[in-house]
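Below is one structure, written out as structure tokens; comments come after it.
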Amino acid sequence: MIITTPNKTVLTEQHAFDPTKTFTCGQCFRFQPKQGGFFGIAGGREIFVSGDKTETVLFCPAEDFESFWREYFDLDRSYDALRALAAGDPFLEAATEFGDGIRLLRQEPFEALCTFIISQCNNIPRIAGIVERLAQHFGTPIGSGFAFPAPHALASLSLEALAPLRAGYRAPYLLAAAQAVASGTLDLAFLSDPDLPLDEVRKKLMTLPGVGRKVADCVLLFGLGRWDAFPVDVWMQRALAQYYPAGFKPERFPQAAGLFQQYIFYYIRHLSKAHAVT
DNA sequence: GGCCAGGTGCGTA
DNA sequence: TACGCACCTGGC
């Protein structure tokens with residue numbers, strides 16, 4: 001059930017939105033823990049999210065919830081039927097159970113593109129830092145923070161101007177991506193069409209420098225809503241080799257592959273921490 | 001000080 | 001196709 005008041009919206013259990021899992025499972029980098037919840041900015045709006053799996057509270061204007069956050073948090077999709085597809089696969093069942101409460105965010109395409117370009121060969125705190133500095137330097141103020149910059153705000157910048165980001169060798173990739181989107185060479189709105197073949201959109205994304213298969217799949221999944229995309233990074237590679245020696249076929253789950261990827265990723269990161277020698 | 005971190009692009013076989 | 005290696009930067 002969704003209960004909306006003028007400045008907050010409460011979600012009950014059936015939506016299974018666990019803020020901690022959702023914001024720490026590795027899909028996004030701009031929601032920061034604060035005052036017992038998470039503070040974030042997207043779509044030029046700010047929001048504070050608190051609660052747990054049984055009750056989630058979104059502090060935002062009601063009109064923002066309806067016009068933006070509802071879709072951003074993917075609240076109109078039932079995950080139960082998709083999660084049930086894991087039945088019969090013990091590892092997938094365990095991962096799905098562990099990740100219960102994760103919602104796959106429908107992030108903005110350009111922000112997702114930049115974020116996952118930055119993520120390559122990088123660690124999470126540093127990724128978050130670079131993305132945050134990107135917003136602070138080139139985004140517009142929103143409430144107590146900054147919106148992620150629009151493509152045109154980055155496209156005309158020089159590499160020197162990007163130096164404060166300390167993005168390293170990824171800086172020219174960011175510029176190229178911004179220029180491609182701002183100029184229309186890469187039309188992210190067009191590529192959002194769910195009827196386009198996955199490999200066609202992926203191929204288009206991979207024409208950008210610094211965008212290979214993995215980054216492209218992250219953009220497809222997190223920015224373009226393509227749940228048939230199944231990003232495989234080094235962690236996934238190791239896990240799949242260990243638990244699926246005969247191979248894992250994401251094509252078996254055209255509606256849920258991306259969700260399962262996130263469950264597996266979150267689960268194996270947990271396992272590796274649990275087994276880490278301290 | 002060396003190594004590694006949620007990849008990619010390029011050269012070589 | 002498969003592999004090795006460099007690439008900025010920051011933390012351990």
Side-chain angles (χ1 to χ4, degrees), chain A residues 21-32 95 98-99 102 104-105 107 111-137 154 157-180 186 199 201-224 226-227 229-244 247-248 250 257-278:
Chain A
K21 290 184 187 178
T22 296
F23 299 129
T24 64
C25 71
Q27 62 177 325
C28 63
F29 300 91
R30 287 208 74 203
F31 278 83
Q32 299 302 328
F98 185 74
I102 290 177
L104 233 52
L105 305 183
Q107 300 179 243
E111 179 173 339
L113 175 60
C114 294
T115 298
F116 288 98
I117 283 175
I118 291 166
S119 77
Q120 65 182 256
C121 205
N122 218 334
N123 54 61
I124 291 169
R126 186 162 173 238
I127 297 166
I130 295 171
V131 175
E132 195 53 40
R133 288 191 291 277
L134 201 45
Q136 286 171 0
H137 285 264
L154 300 180
L157 297 174
S158 64
L159 275 179
E160 291 71 38
L162 290 188
L165 304 179
R166 284 168 286 148
Y169 64 86
R170 305 161 195 85
Y173 301 159
L174 286 175
L175 271 191
Q179 287 162 0
L186 188 78
D199 48 351
V201 184
R202 179 190 293 127
K203 200 181 296 178
K204 184 70 183 166
L205 291 170
M206 287 175 65
T207 60
L208 293 175
V211 177
R213 169 75 187 239
K214 193 274 179 177
V215 170
D217 280 346
C218 284
V219 177
L220 282 163
L221 177 58
F222 301 120
L224 299 178
R226 293 299 296 254
W227 286 35
F230 187 81
V232 175
D233 65 347
V234 292
W235 289 89
M236 287 296 289
Q237 227 165 48
R238 283 195 284 259
L240 296 181
Q242 180 178 352
Y243 296 103
Y244 299 92
F248 180 86
L259 180 64
F260 286 164
Q261 181 275 160
Q262 205 56 39
Y263 285 146
I264 295 172
F265 182 78
Y266 182 62
Y267 186 48
I268 59 180
R269 292 299 297 251
H270 163 76
L271 292 180
S272 79
K273 282 173 196 157
H275 295 159
V277 181
T278 51

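Basis for what follows: all heavy atoms, side chains included, without hydrogens, waters or symmetry-related copies.
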Quote, to the nearest angstrom, the P distance that separates B/dT8 from C/dG10.
22 Å
Selected nucleotide, minimal atom distance to A/R166 side chain, candidates B/dG6, B/dG7, C/dG10:
C/dG10
Ignoring hydrogens and angles, are the base of C/dT9 and the side chain of A/R126 linked by a donor-acceptor pair under 3.5 Å?
yes
Given the P atoms of B/dC3 and C/dC5, what is the spacing between them in whole Å?
13 Å
Using a cut-off of 4.0 Å on non-hydrogen atoms, how would the nucleic acid contact of A/I268 be classed: base, sugar-phosphate, or nothing?
nothing
pair A/E111-A/R30: side-chain heavy atoms closer than 4.5 Å
yes
Fit a plane to each ring of A/F98 and A/Y267, take the angle between them on a 0 to 90° scale, and name the class: parallel (under 30°), tilted (30 to 60°) or perpendicular (over 60°).
tilted
Expressed as a whole number of angstroms, how long is the span from A/R202:CZ to B/dT8:P?
12 Å
Does the A/R170 side chain pair with the main chain of A/A167, one donor and one acceptor, at a distance under 3.5 Å?
yes
Looking at CD1 of A/I124 and CZ of A/R269, how far apart are the two atoms once the value is rounded to the nearest 0.5 Å?
5.0 Å
Just to be sure I understand the rule, does A/P125 reach a base, reach only the sugar-phosphate, or reach nothing, if contact means heavy atoms closer than 4.0 Å?
nothing
To the nearest Å, how far apart are A/I130 CD1 and B/dG7 P?
14 Å
Please give, in whole Å, the distance from B/dG9 C1' to A/K214 NZ?
17 Å
Main-chain N/O of A/F222 paired to A/Q27 side chain as donor or acceptor, under 3.5 Å
no
Are the side chain of A/Q120 and the backbone of A/V215 linked by a donor-acceptor contact shorter than 3.5 Å?
no
Select base, sugar-phosphate, or nothing to describe what A/G210 touches, counting heavy atoms under 4.0 Å on all strands.
sugar-phosphate
5'-most by nearest nucleotide on DNA chain B - A/Q262 or A/P209
A/Q262
For A/R269, which contact category applies under a 4.0 Å heavy-atom criterion: base, sugar-phosphate, or nothing?
base
side-chain hydrogen bond (donor to acceptor under 3.5 Å, both in side chains) against A/R133, all qualifying residues, sequence neighbours excluded
none
In whole angstroms, how far is the P atom of C/dT1 from the CZ atom of A/R213?
13 Å
Any carboxylate oxygen within less than 4.0 angstrom of a Lys/Arg side-chain nitrogen, looking at A/K203 and A/D199?
no
Winner on side-chain proximity to A/C121, out of B/dT8, B/dA5, B/dG6, is B/dA5
What nucleic acid atoms does A/I124 come within less than 4.0 Å of, heavy atoms only: base, sugar-phosphate, or nothing?
base
A/R238 CZ to B/dG6 P, in whole Å, measures 8 Å
Contiguous Watson-Crick or G-U pair runs (3 or more, under 3.5 Å) in DNA chain C
B:2-5 with C:9-12, B:7-13 with C:1-7
Given atom CD of A/Q237 and atom C1' of C/dC3, what is their separation to the nearest angstrom?
13 Å
Could you check which of B/dT8, C/dC8, B/dG6 has an atom nearest any side-chain atom of A/R170?
C/dC8
Given atom CZ of A/F29 and atom C1' of B/dG6, what is their separation to the nearest angstrom?
7 Å
Note: for A/C28 and A/M206 on DNA chain B, the residue whose nearest nucleotide lies more 5' is A/C28
note: A/Y169, atom OH; B/dC4, atom C1'; distance rounded to Å ~ 12 Å
